[in-house]
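Here's the structure we're looking at; comments come further down.
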Amino acid sequence: MIKLCTMRFFSGIKHLCSGVSSYISKKGSPDWLAHNRAQWIRLCSRTSEIIKESNQDSMILKHLILKIKSTGPISVAEYMREVLTNPVTGYYQHRDVLGPQGDFITSPEISQIFGELLGVWCVSEWMAAGKPKTFQLVELGPGRGTLASDALRVFSQLHSVLKDSEISVHLVEVSPKLSEVQAQLLTEGEHHLLHDPNGAIYKTGTTKTGLPISWYKDLQDVPKEFSFYIAHEFFDVLPIHKFQKTKHGWREILIDIEPNSPGKLRFVLAPHATLASKTLIQRDDERDHIEICPEAGIIVQNLATRITEDGGAALIADYGHNGTKTDTFRGFRGHQLHDVLTAPGTADLTADVDFSYLRQMTKCKVTSLGPIPQHEFLKNMGIDVRLQVLLRNASDPATHTDLIDSYDVIMNPEKMGNRFKFFVLLPCNRLISSQDTKNMKRGPMTSPVAGFSELQL
Ligand code: SAH
């Protein structure tokens with residue numbers, strides 16, 4: 001049944017894809033690609049570079065040491081939270097950490113097609129939902145705002161399809177610095193800070209495509225409306241707890257001060273069960289080491305409730321696994337792997353997303369598809385059609401090379417194509433056609449979910 005309508009549906013996507021404009025020159029020299037994160041993920045080894053700490057970074061270390069001295073070893077989750085998002089000293093708070101000058105690079109920063117196809121995905125799901133009059137685009141952890149900018153350009157170019165709808169944009173971002181970078185890109189100055197300390201919105205404005213846009217620190221403050229939620233490389237930075245199986249049962253891995261060098265940190269095993277090991281590990285596991293991210297679980301539950309009550313869908317894209325990996329906690333600094341306990345605050349900290357845990361935390365409130373590899377999702381979304389359109393419209397050889405190189409980085413299974421996965425949360429009735437419902441006469445067939453079914457042209 002699904003197969004029958006696939007062709008019609010995807011020729012719709014093909015039409016959406018080919019209707020969207022030309023190459024956006026934003027990447028600078030082609031050499032830039034040599035610095036992409038994917039290549040480093042593959043090639044890098046621990047750096048032996050001597051790390052020079054700035055005052056602020058050593059402040060984080062001092063703060064952590066003081067904390068451990070007064071309350072004892074801290075969990076890896078507490079360490080990650082302090083290092084990444086502490087409002088004063090956190091890694092994300094005061095710097096633009098993405099891109100060639102930063103510590104890592106992401107797919108939307110590599111190729112404009114990535115954000116465009118996610119924009120097309122929202123439009124196709126909006127059509128499948130019966131074209132509701134209003135919808136929100138909600139992005140969690142928008143980085144530099146590049147993905148949103150590329151998706152919004154698609155919305156604007158598909159004006160004839162979306163013309164009667166009221167769209168608003170909502171960004172969930174903890175970093176004042178990155179929210180400023182996002183605002184510059186998305187609004188071109190049409191924004192202002194709000195100074196109500198109790199207000200849920202801390203910044204508001206109008207996008208350059210004319211849509212209202214607001215910034216929040218927390219998803220729970222975003223208005224409850226029909227929404228498309230996008231989280232790209234967001235869940236991997238949320239704090240994880242780490243556990244080791246021992247002959248006494250599961251024990252949490254904690255972070256303590258190195259006894260012989262008081263300015264250094266080390267991992268230790270909790271001698272007894274901790275609150276986290278008692279509450280978070282609910283079943284035995286074949287693995288002897290696991291990582292659990294309760295904050296991700298809470299956010300996914302929140303998304304599931306919102307989708308059930310108000311409609312929409314959530315597209316989560318990240319590197320991750322289906323409950324099979326063990327020790328994935330690592331740091332990135334200057335596009336190199338970086339020891340997670342050295343010079344905290346100077347490197348990004350990240351762990352692979354456990355999609356099986358996310359699925360389990362939705363508690364069957366919503367239906368989910370995936371995780372599927374990025375190259376499969378983008379192929380199904382018609383990336384080849386988009387690439388051909390851009391190549392046709394590109395006049396100079398440098399642009400051609402850039403388009404092809406960036407396509408290769410995000411699609412090649414040896415680079416980002418396989419390592420990154422797509423996972424979607426949908427309302428429970430999204431995949432049920434009325435023909436599947438008992439006692440109902442023949443009704444309309446459900447359309448396949450864009451990106452998760454094979455493209456048939
Ligand atoms: N999605 C972007 C950026 C990924 S980096 C891209 O793909 O290019 C992670 C982003 O999440 C940054 O914008 C960071 O500031 C933000 N972030 C980290 N922890 C967060 C939290 N707890 N709540 C909201 N945003 C967070």
Side-chain angles (χ1 to χ4, degrees), residues 26-27 36-38 41 77-87 89-100 102-118 137-151 169-186 200 202-203 214-222 229-240 293-300 302-303 314-320 331-333 335 345 347-351 353 374 406 409-410 416 419-422:
K26 62 188 172 193
K27 305 298 184 314
N36 72 70
R37 188 184 192 180
I41 288 171
E78 193 172 352
Y79 179 76
M80 274 182 93
R81 194 173 299 110
E82 284 292 344
V83 170
L84 294 182
T85 56
N86 178 300
T89 52
Y91 167 79
Y92 279 111
Q93 299 298 325
H94 307 289
R95 58 185 118 186
D96 181 359
V97 293
L98 287 111
D103 294 316
F104 60 92
I105 195 81
T106 59
S107 293
E109 298 292 330
I110 291 169
S111 169
Q112 68 178 79
I113 306 181
F114 190 87
E116 288 172 350
L117 291 181
L118 267 56
L137 175 67
V138 182
E139 191 180 351
L140 308 178
R144 283 180 164 173
T146 309
L147 190 161
S149 172
D150 291 336
V169 185
H170 305 263
L171 303 182
V172 180
E173 175 57 75
V174 284
S175 162
K177 172 67 188 173
L178 285 173
S179 74
E180 200 40 44
V181 175
Q182 294 151 18
Q184 288 305 335
L185 177 67
L186 294 165
Y202 67 89
K203 194 184 294 190
S214 310
W215 279 260
Y216 313 77
K217 300 266 183 217
D218 202 306
L219 172 63
Q220 69 186 14
D221 295 324
V222 175
Y229 302 91
I230 304 230
H232 179 257
E233 288 216 43
F234 167 73
F235 280 93
D236 69 280
V237 299
L238 298 180
I240 52 152
C293 182
E295 209 168 296
I298 292 167
I299 292 173
V300 154
N302 198 337
L303 290 172
L315 192 58
I316 298 171
D318 227 308
Y319 33 59
F332 280 98
R333 180 182 145 130
H335 304 269
D348 189 25
L349 299 179
T350 169
V353 174
Q374 172 159 302
S406 55
V409 174
I410 64 171
M416 288 169 127
R419 186 141 170 63
F420 285 80
K421 314 276 191 238
F422 275 74

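Every number for a ligand or one of its atoms is a count from 1 in the order of the listing.
- The closest donor-acceptor contact from the side chain of His335 to the backbone of Gly102 lies under 3.5 Å.
- Judged by distance alone, the side chain of Gln182 and the main-chain N or O of Gly143 form a donor-acceptor pair under 3.5 Å.
- For the ring pair (Phe, Tyr, Trp, His ring centres under 6.0 Å) with Tyr319, the qualifying choice from Phe422, Phe332, Phe420 is Phe420, the only one to do so.
- Contact annotation: for Leu178 versus ligand 1, heavy atoms closer than 4.0 Å belong to the side chain alone.
- Among all non-hydrogen protein atoms, the one lying nearest atom 18 (C) of ligand 1 is Val237 CG2, 3.6 Å.
- The atoms of ligand 1 that sit less than 4.0 Å from any heavy atom of Thr85 are 19 (N).
- At the shortest separation from atom 4 (C) of ligand 1 among protein heavy atoms lies Glu233 O, 3.2 Å.
- In this comparison of Thr106, Leu219, Asp103, Ile105, the heavy atom closest to atom 6 (C) of ligand 1 sits on Thr106.
- The distance from ligand 1 to the heavy atoms of Ser175 drops below 4.0 Å at these ligand atoms: 15 (O).
- A donor-acceptor pair shorter than 3.5 Å cannot be found between the side chains of Glu173 and Ser179.
- No donor-acceptor pair closer than 3.5 Å links the side chain of Ser107 to the backbone N or O of Ile410.
- Regarding atom 11 (O) of ligand 1, its nearest protein heavy-atom neighbour is Gly141 CA, 3.2 Å.
- Rounding to the nearest 0.5 Å places CG of Leu140 at 8.0 Å from CD1 of Ile316.
- Checking side-chain atoms of Asp318 against main-chain N and O of Asp236 turns up a donor-acceptor pair under 3.5 Å.
- Counting only non-hydrogen atoms, the option in Val97, Asp236, Val174 that gets closest to atom 23 (N) of ligand 1 is Val174.
- The protein heavy atom nearest to atom 7 (O) of ligand 1 is His232 ND1, 2.6 Å.
- Counting only distance, with no hydrogens or angles, the side chain of Arg144 and the backbone of Glu109 share no donor-acceptor pair below 3.5 Å.
- Proximity annotation for atom 22 (N) of ligand 1: of Leu238, Leu98, Leu171, Thr146, Leu238 comes nearest, heavy atoms only.
- In summary, the atoms of ligand 1 found under 4.0 Å from a heavy atom of Tyr92, numbered by their order in the structure, are 5 (S), 9 (C), 12 (C), 14 (C), 15 (O).
- Every atom of ligand 1 is numbered from 1 in the order shown, and the set under 4.0 Å from a heavy atom of Gly143 is 2 (C), 3 (C), 13 (O).
- When the heavy atoms of Phe234, Phe114, Phe104, Tyr216 are ranked by distance to atom 25 (N) of ligand 1, first place goes to Phe234.
- Ranking the protein heavy atoms by distance from atom 15 (O) of ligand 1 puts Glu173 OE2, 2.5 Å first.
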Inset, instruction - Apply the test side-chain contact (heavy atoms from CB on, under 4.5 Å) to residues Phe234 and Val172: give CA-CA distance (whole Å), side-chain angles for both, the deciding distance (0.1 Å), then the verdict. - result: CA-CA 10 Å; Phe234 167 73; Val172 180; 5.7 Å; no
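- Distance check, rounded to the nearest 0.5 Å: CD1 of Ile298 to CG of Leu219 gives 11.5 Å.
- Residue Pro108 has no nitrogen or oxygen atom sitting less than 3.5 Å from a nitrogen or oxygen atom of ligand 1, judged on distance alone.
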